[in-house]
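Notes to accompany the following structure.
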There are 2 protein chains.
Amino acid sequence: MASRTIENYLKQLWLQQQESRGKYVPMGKLAALVGVTAGTATTMVKAIADSGLAKYAPRAGVRLTRAGEQLALHVLRRHRLLELFLVEILGIDWSDAHGEAEELEHVISETVLARIDLLLGHPSVDPHGDPIPSSSGTVEAPELCSLAELQAGSKTAIVRIMDQSAEFLRFAQTSGLVPKAAVVIEHNNPQAGAISARPDGKPPVILSMAAAAKFLVRPCPTAGKQRRKRS
Amino acid sequence: MASRTIENYLKQLWLQQQESRGKYVPMGKLAALVGVTAGTATTMVKAIADSGLAKYAPRAGVRLTRAGEQLALHVLRRHRLLELFLVEILGIDWSDAHGEAEELEHVISETVLARIDLLLGHPSVDPHGDPIPSSSGTVEAPELCSLAELQAGSKTAIVRIMDQSAEFLRFAQTSGLVPKAAVVIEHNNPQAGAISARPDGKPPVILSMAAAAKFLVRPCPTAGKQRRKRS
DNA sequence: TTAATTACTTTGAATAGTCAAAATATTCTA
DNA sequence: TAGAATATTTTGACTATTCAAAGTAATTAA
Ligand SMILES: [Mn+2]
Ligand SMILES: [Mn+2]
Ligand SMILES: [Mn+2]
Ligand SMILES: [Mn+2]
């Protein structure tokens, strides 16, 4: 069994690899994600690599092996099921769920997890729209575009939010920009570097391109190749 | 914040003090309860004493201070609320709940705990009939007698089970000797060292005095002073 | 009351994680 | 291409927790 420390390293590694399309993750990046110094990350990564969960290339970075990926996905599954459980069953605030799940993900037994999964009806996405890995360790990653890519007049629906910070999520919630919400793009002038989006039944919200890029939507305008851009 | 290790020491200490009516708990006993060697317990207890949570008397034992007691009760509250939650909401087996709660009790936040408490309707006892300490750190310990003390022909109801081991609890469950179950004592001959108890709607169960003593009941026969005996 | 048994404490060593600061390597810039 | 700036790795040290084994005190038995 991997320690909770190692589980955290693996999970962050997996998430980061998604962002960087499988490239080696540099130590500095991993250290920042886990919240330790770079020296600590180097030490831990060498230990993780020794146990066969990752490949470590000095001065280049780390990458998960298949085994590491599987373990990371199990942790991520626990994390996301717990988030949904906390929100749906316990009524915990959307913006607090992530932090709570960060701890719980390491102590939930398989039995309890199975019960939670059942209680929630084998859900496929968490409260932020993030896909929940299957118990066999697979995730589907649908190609989505973001609010920033839509033209004025488009109508779409929020599917996923790419920022887990409590502050951002609180802002998203009060604005009405939550998963499943329908929105209309009112303005999107690339020159302005900001857009205006109006969630159904709510006043319009002004978003910088950086902020808009955090909201992934569907359907996407078929205008050209649909590309996803993450900050 | 006390570490999970220290929380475990404090909780076991509190439980043991209940058994021994407030006496100093000897190192060997504590070590066995926590599952470490006596030397380790000595070291930890000295650290705990240094932080003001217990009083350590070399070669005599340890005793919680008021502060230590309060902390222990908060851990116990988390433990017991979690047990009930696991059984009632998640449908976890009665006999597994204790082990699961043993881990969870250290990572549940106050927020989540409050939500669980609410969801369960501010319960006062856990699935084993153990009283749940209040959030302000108080427990009432009703004086109960055990099945072993009842005379043949008595009718009573199980209130609490004083053994948390999964095996014993499984036995209790299949026998029908669960909290709230009504039972009739069919035989109790002190000379035999065993009794026969029949739970309502179930076949009679033969119990040694030691086993019978683990089932606390109410009402108690007013015959003489009602005394509780724990193994 | 001496000797044996038992309980407890001390000591020395190990493991997992961590940081700060020093040493290196890489990459960028002029 | 020689610094300068940046990123990474190494080193030495520290905390928390644990065990095994050796030493010490207390209790029990004879
Ligand atoms: Mn975590
Ligand atoms: Mn999420
Ligand atoms: Mn515990
Ligand atoms: Mn209990």
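Residue numbers begin at 1 in each chain, while the letters A, B, ... track the order of the sequences.
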Show me the donor-acceptor pairs within less than 3.5 Å that the side chains of residues 130-138 of chain B make with the rest of the protein, sequence neighbours left out.
from, atom 1, to, atom 2, distance (Å)
Asp130(B), OD1, Arg160(B), NE, 2.8
Asp130(B), OD1, Arg160(B), NH2, 3.4
Asp130(B), OD2, Gln164(B), NE2, 3.3
Ser134(B), OG, Ser136(B), N, 3.3
Ser134(B), OG, Ser136(B), OG, 2.9
Ser134(B), OG, Gly137(B), N, 3.3
Ser134(B), OG, Thr138(B), N, 3.1
Ser134(B), OG, Thr138(B), OG1, 2.8

- Message: Side chains of Gln70(A) and His74(A) only: does a donor on one sit below 3.5 Å from an acceptor on the other?
- Response: no

Per the salt bridge (charged side-chain N to carboxylate O under 4.0 Å, His left out) rule, what does the pair list look like for [range], sequence neighbours excluded?
range	result
residues 102-111 of chain A	Lys11(A)-Glu102(A), Lys11(A)-Glu105(A)
residues 163-175 of chain B	Asp163(B)-Lys214(B)
residues 57-66 of chain A	Arg66(A)-Glu69(A)

Ser51(B): what forms a side chain to side chain contact (heavy atoms under 4.5 Å, CB included) with it, not counting sequence neighbours?
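Residues passing side chain to side chain contact (heavy atoms under 4.5 Å, CB included) with Ser51(B): Leu53(B).
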
Ala49(A) meets the side chain to side chain contact (heavy atoms under 4.5 Å, CB included) criterion, sequence neighbours left out, with Tyr56(A)

For nucleotides 1-7 of chain C, list the nitrogen or oxygen atoms of the protein found under 3.5 Å from its nitrogen or oxygen atoms, one pair per line.
none

Handout entry: Partners passing salt bridge (charged side-chain N to carboxylate O under 4.0 Å, His left out) against Asp117(A) (at least two apart in sequence or in another chain)
Key =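 Listed in chain order: Arg77(A).
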
Legend entry - Sequence-distant partners of Glu7(A), salt bridge (charged side-chain N to carboxylate O under 4.0 Å, His left out), two or more places apart: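 Partners of Glu7(A) under the salt bridge (charged side-chain N to carboxylate O under 4.0 Å, His left out) test: Arg78(A).
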
Here the residues of residues 45-52 of chain B within 4.0 Å heavy-atom distance, strictly under, of DNA chain C are Lys46(B)

Please tabulate, one pair per line, all N/O donor-acceptor pairs under 3.5 Å involving side-chain atoms of residues 188-195 of chain B, not counting sequence neighbours.
from, atom 1, to, atom 2, distance (Å)
Asn188(B), ND2, Ala148(B), O, 3.1
Asn188(B), ND2, Leu150(B), O, 2.5
Asn189(B), OD1, Gln191(B), N, 2.8

Atom pairs, N/O to N/O, protein against nucleotides 12-18 of chain C, distance under 3.5 Å?
from, atom 1, to, atom 2, distance (Å)
dG17(C), OP1, Ser3(A), OG, 2.5
dG17(C), OP1, Thr5(A), OG1, 3.4
dT18(C), OP2, Tyr9(A), OH, 3.3

Practice prompt. Could you check how far CG of Asn8(B) sits from P of dA16(D), rounded to whole Å?
Written response: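 Taking atom P of dA16(D) as the reference, CG of Asn8(B) is at 17 Å.
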
